[in-house]
Amino acid sequence: MAVSCEKENIIVVCGPTATGKTAIAVQLAKAFNGEVVSADSMQVYKGLDIGTAKVTQMEMRGVPHHLLNILSPAEEFSVAAYTAAAKNAITSISSKGRLPFICGGTGLYISSLVNGITFTQAKTDNEIREHYKTQWVRCGAVAMYEKLKKIDSEYAKKLHPNDKTRILRALELYCQTGSTMTEQLRTSRQGGPPYNVCLLMLAFEDRQKMYNRIDARVDVMLEAGLLEEAAYVYKNQDLFKTAAKAIGYKEFFPYFEGRQTIVECTAKLKQASRNYAKRQVTWFKSMQNTAVTATTQLIYMDNTGYGTPFEIAAREVDEFLQKSSCPTSCPMK
RNA sequence: GGGAGAGUUCCCGAGCGGCCAAAGGGGGCAGACUGUAAAUCUGUUGUCUUCGACUUCGAUGGUUCGAAUCCAUCCUCUCCCA
């Protein structure tokens, strides 16, 4: 993907949980006159700080951060809402002559933003959603899958019959908008990638090291008071629909119910975090392969033969900015 | 010292003469992902180059056409009575 001077530059700092995205993003933002835009589905919520590993005021070091604490945990959020908000943030940062650094671990959010996915106008209709959910229970998976096959066989072919979430969403979309998921997938990309993207992927060359870091961070969170935060989410679990699914809270529910010890729950939490990190690795790998980005740099946090991770990242950003700077003949100048 | 029981593939755990390289779960590895995404879903997991072959169910030896499954001895562990 070529760099274009008609598009805004953005730097994306992504990678699995506990790799050190936050620190790198802040350092880079300071070095390149930037601001940080979070790409995290859970850090949007106020009051969920420890479990989501949200940057602290101190860690921000004066760098403005966007899309953090924008919602009450009782509110719902979505990719569509995210990309819209992120676009706004990017525009406002760029218009100040500063550089936006997108930093986070939610693969769907990042890839949707970077690919410029256009979502449908229609908002989630909980009535329709509930309707199909009850139908699923009543009629069974096979029947629902068959139903989808009839309206959108192309998309159905791509799904496994057990993929409840996606089968229901596809049915819901059709019911609500009259268009199929296949159509949505096609039209959503018509705008093309909207930004010049410099993608920095943080990773660990040694998987075991990544897992060790994750385990250690869970212990730190616990010391920082994760349990109280988890209790808060537990008490409000019916209200905090999304947060109740976040890793770091639900694992302690059995403890609050007296069914498991803290030790057991902590082990479960570490396990869930490690599994999550693996899924993130897969996501970012596939993003790397489908490169809609101007440049992509993989940065191993545990093998920095060519300088510190920050130095490597900074060098990459520097090169990217030079490449994308408009020549004097550029009509945009 | 006496009695009862257990040792299965990375882990837990089913199997109790052939259909067993061995259910199921966990973990590992790999993948998917378009308004719940920190969610959800899929594949794979003894060795060897495939059909297939080979090694495995604490150890050794036996019974049998055939054993993870039956018998003997041994080793280890748990529990109960002393």
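Lettering of chains follows the sequences in order, A, B, ..., and the numbering in each one begins at 1. For clarity, every value in this text was computed on a predicted model and none was experimentally measured.
Side-chain contact annotation: A:K87 with A:T83, donor-acceptor N/O pair under 3.5 Å absent. No side-chain donor-acceptor contact under 3.5 Å links A:E319 and A:T295. Residues A:N69 and A:K54 bring a donor and an acceptor atom of their side chains to less than 3.5 Å of each other. Using a 3.5 Å distance cut-off with no hydrogens or angles, the side chains of A:T180 and A:T182 do not pair a donor with an acceptor.
Applying the 6.0 Å contact sphere to CD of A:E127 captures no more than 12 heavy atoms from other residues, nucleotides or ligands.
Here A:D215 pairs with A:R274 in a salt bridge; the nearest charged N to carboxylate O distance falls below 4.0 Å.
Protein atom CD1 of A:I110 is 15 Å distant from nucleotide atom C1' of B:U34, rounded to whole Å. Atom-to-atom, CZ of A:R279 to P of B:U42 comes out at 13 Å; the value is rounded to the nearest Å. As a whole-Å value, the separation of A:E229 CD from B:A38 C1' is 13 Å. Regarding A:L113, its CG atom lies at a distance of 16 Å from the P atom of B:A37, rounded to whole Å. Rounded to an integer number of Å, the gap from CH2 of A:W283 to C1' of B:A37 is 7 Å. Distance A:K245 NZ to B:U40 C1': 9 Å, rounded to the nearest Å. Between A:Y276 atom OH and B:A39 atom C1' the separation is 10 Å, expressed in whole Å. In this structure, the CZ atom of A:R186 is 14 Å from the C1' atom of B:U34, given to the nearest Å.
Among B:A37, B:G27, B:A38, the nucleotide with an atom closest to any side-chain atom of A:L108 is B:A37. Comparing B:U34, B:G28, B:A38 by their closest approach to the side chain of A:A246 singles out B:A38.
An OP1 or OP2 oxygen of B:U42 is reached within less than 4.0 angstrom by a side-chain nitrogen or oxygen of A:N162. Contact check, A:T282 against B:G31: a side-chain N or O comes under 4.0 Å of OP1 or OP2. Distances shown here put every side-chain N or O of A:Q280 at or beyond 4.0 Å from the OP1 or OP2 atom of B:A37. Close to B:C29, at under 4.0 Å from its OP1 or OP2, lies a side-chain N or O of A:Y211. At the phosphate of B:G31, OP1 or OP2 sits under 4.0 Å from a side-chain N or O atom of A:K278. When the side-chain nitrogen and oxygen atoms of A:R166 are compared with OP1 and OP2 of B:A37, none of them lie within a distance under 4.0 Å. Taking side-chain N and O atoms only, A:K133 has no distance below 4.0 Å to OP1 or OP2 of B:U36. The side chain of A:T106 contributes an N or O atom lying less than 4.0 Å from OP1 or OP2 of B:A38. Of the side-chain N and O atoms in A:N275, one or more sit less than 4.0 angstrom from OP1 or OP2 of B:G27. In this model, the phosphate group of B:A38 is not approached by any side-chain N or O of A:Y249 to a distance below 4.0 Å at OP1 or OP2. Proximity of A:R169 to the phosphate of B:A39: no side-chain N or O atom is located under 4.0 Å from OP1 or OP2. OP1 or OP2 of B:G31 sits under 4.0 Å from a side-chain N or O of A:K285. In terms of phosphate contacts, A:R274 brings no side-chain nitrogen or oxygen within less than 4.0 Å of OP1 or OP2 of B:G27. For the pair A:R207 and B:G28, the criterion of a side-chain N or O lying under 4.0 Å from OP1 or OP2 is not met.
The residue A:S188 sits close to a base: some heavy atom pair falls under 4.0 Å. Among the protein residues, A:E76 comes within range of no part of the nucleic acid, since none of its heavy atoms lies under 4.0 Å from any strand. In this structure, A:Q176 reaches neither bases nor backbone, as no heavy-atom distance under 4.0 Å exists between it and the strands shown. Counting any heavy atom pair closer than 4.0 Å across all strands shown, A:G51 reaches a base atom.
Nearest-nucleotide positions on RNA chain B for A:Q43 and A:V79 put A:V79 closer to the 5' end.
Only the P atoms considered, B:C19 is 15 Å distant from B:G66, to the nearest whole Å. Taking atom C1' on both nucleotides, B:A21 is separated from B:U55 by 10 Å, rounded to a whole Å. B:G46 and B:G28 have their C1' atoms separated by 15 Å, with the value rounded to a whole Å. Using atom P as the reference point in both B:U45 and B:G25, the two lie 14 Å apart (nearest Å). For the C1' atoms, the distance from B:U40 to B:U34 is 14 Å, rounded to whole Å. Using atom C1' as the reference point in both B:C51 and B:U56, the two lie 22 Å apart (nearest Å). If you take atom C1' in B:U76 and the same atom in B:U8, they sit 15 Å apart, rounded to whole Å. A distance of about 32 Å separates the C1' atoms of B:G62 and B:C12, rounded to the whole Å.
Aromatic pair A:F240/A:Y232: centroids less than 6.0 angstrom apart.
Aromatic ring orientation, A:F77 versus A:Y109: perpendicular (interplanar angle above 60°, classes split at 30° and 60°).
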